[in-house]
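The sequence lines fix the lettering, A, B, ..., with proteins before strands; numbering per chain opens at 1.
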Amino acid sequence: MAATQEEIVKGLAEIVNEIAGIPVEDVKLDKSFTDDLDVDSLSMVEVVVAAEERFDVKIPDEDVKNLKTVGDASDYILKHQG
Amino acid sequence: MTSKIKPAQGAPYARIMGVGGYRPTRVVPNEEILKHIDSSDEWIRSRSGIATRHWAGPDETVAMMSVEAAGKAIADAGLTPEQIGAVIVSTVSHFKQTPAIATEIAHRIGAGKPAAFDISAGCAGFGYGLTLARGMVTDGSAEYVLVIGVERLSDLTDLEDRATAFLFGDGAGAVIVGPAKEPAIGPTVWGSEGDKSETIKQTLAWDVYRTTPVPGGDGPEERTAPEAVRYPAITQEGQAVFRWAVFEMAKVAQQALDAAGVSPDDLDVFIPHQANMRIIDSMVKTLKLPESVTVARDVETTGNTSAASIPLAMERLLATGQAKSGDTALVIGFGAGLVYAATVVTLP
Ligand SMILES: CC(C)(COP(=O)(O)OP(=O)(O)OC[C@H]1O[C@@H](n2cnc3c(N)ncnc32)[C@H](O)[C@@H]1OP(=O)(O)O)[C@@H](O)C(=O)NCCC(=O)NCCS
């Protein structure tokens, strides 16, 4: 079953919390992974792979750099989830 | 007539009997790396965990470093050089295609006439060599095998490449593999992923420097190096490699534990290839290793020494008392190829 945007953001928040230790409630649509959430380029790779598993999507390396904010990532997942 | 042939027969099992390492005398801090790239000590430390690395001087050749490490390993095993029946050297930074550097090393340590050869398996080279050695001991091809991982990666480093200039180091690590009454080297989980061969590679083949006539060519000009060809170096697609290392290699490590019948709780030591602290941290997390497991973090002061990294880290853990003889250790190497090899061993 495809996830809703709300579910995706909740899932991303848990992933970011697990990987970067950021409180779940801080992970909001307009937050930038690198600037606001302390997720650097390598942690971003970990976030992406965790999201791939959780939401059954493939996010190729070349698309990762376009996912600047939590909103970018949730839109991408919403569009591409299997 | 097909004659009956006696089978090759060796010891029931094999074990690592001794370990030795050589680190070049010159320590290179991140500040020195910053002379050539736009970066910072803080960035390098946060992305790789590397603070310093050793770079070899002119006298610290691949052979010299290997001989030093081998001598220590032989002494640690309580053997003499003449007892060594085979020498396996894993390296990608010995710059002569032939002969193998293993024969010179065997000669210089005074080993007589052992079988001696080089292998090329990048950062998985130690595990590949160890696996060959285990087979040789248990099939009787050699009673004692010297396995060396040695690199002078500074020779293959592009100091102006931001993505790799800070990563690599030089050094040699050696172990002796010999007979055992109990299993002390578990099954190897190993393999290759040639579809990813471009993700870590040498930029140019040596024949860019060819200035003599090419067979079948029209003359010396045919494949002559452009006037200022950039010296060949190792490049990589950092994020692709990171992704592979963190996720695929944690699975391989788990498979090696399963194959050996060892649970994370039974493990004393984890010695992954020392490529990047972030990869190490992530693997520890994914494998859910308990706090009680000692994790090798030699990369901080050694950088990535490819095939040498695991025996170097093993030696340091034992020398500093962080690990002890008889401990159960998971080792995993992975790198250019892409190739990987993981197994569980009893520490010497
Ligand atoms: C090499 C490695 C540390 C690079 O990290 P990375 O996050 O992939 O780096 P990127 O090239 O994606 O760059 C990310 C950012 O850091 C910057 N950057 C890159 N190299 C930098 C450097 N040396 N210093 C400072 N900043 C640097 C980039 O400009 C980029 O900034 P931007 O986001 O503002 O554009 C990392 O990819 C890695 O270690 N991978 C595994 C490699 C490995 O271990 N291989 C051997 C296995 S055997």
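- Under a 4.0 Å N-O distance rule, the pair B/E198/B/K201 qualifies as a salt bridge.
- Taking a cutoff of 4.0 Å between a charged side-chain nitrogen and a carboxylate oxygen, B/K251 and B/E248 qualify as a salt bridge.
- The existence of a salt bridge linking A/D75 and A/K79 is excluded, since no basic side-chain nitrogen approaches an acidic carboxylate oxygen closer than 4.0 Å.
- Contacts with chain B (heavy atom to heavy atom, under 4.5 Å) involve these residues of residues 12-36 of chain A, listed by number: A/E18, A/I19.
- Ion pairing of B/D281 with B/R278 is absent here, as no side-chain N (NZ or NE/NH1/NH2) approaches a carboxylate O to less than 4.0 Å.
- Salt bridge absent: B/R230 and B/D161 never bring a charged side-chain N and a carboxylate O closer than 4.0 Å.
- By the 30° and 60° cut-offs, the orientation of the rings of B/F334 relative to B/W244 is perpendicular.
- Contacts with chain B (heavy atom to heavy atom, under 4.5 Å) involve these residues of residues 51-60 of chain A, listed by number: A/E52, A/I59, A/P60.
- A salt bridge is absent between A/K10 and A/E7: the closest approach of a Lys/Arg side-chain nitrogen to an acidic carboxylate oxygen does not fall below 4.0 angstrom.
- Salt bridge status for B/E32 with B/R26: present, with a side-chain N to carboxylate O gap under 4.0 Å.
- Residues B/R316 and B/D298 are paired through a salt bridge, judged by an N-O separation under 4.0 Å between the basic side chain and the carboxylate.
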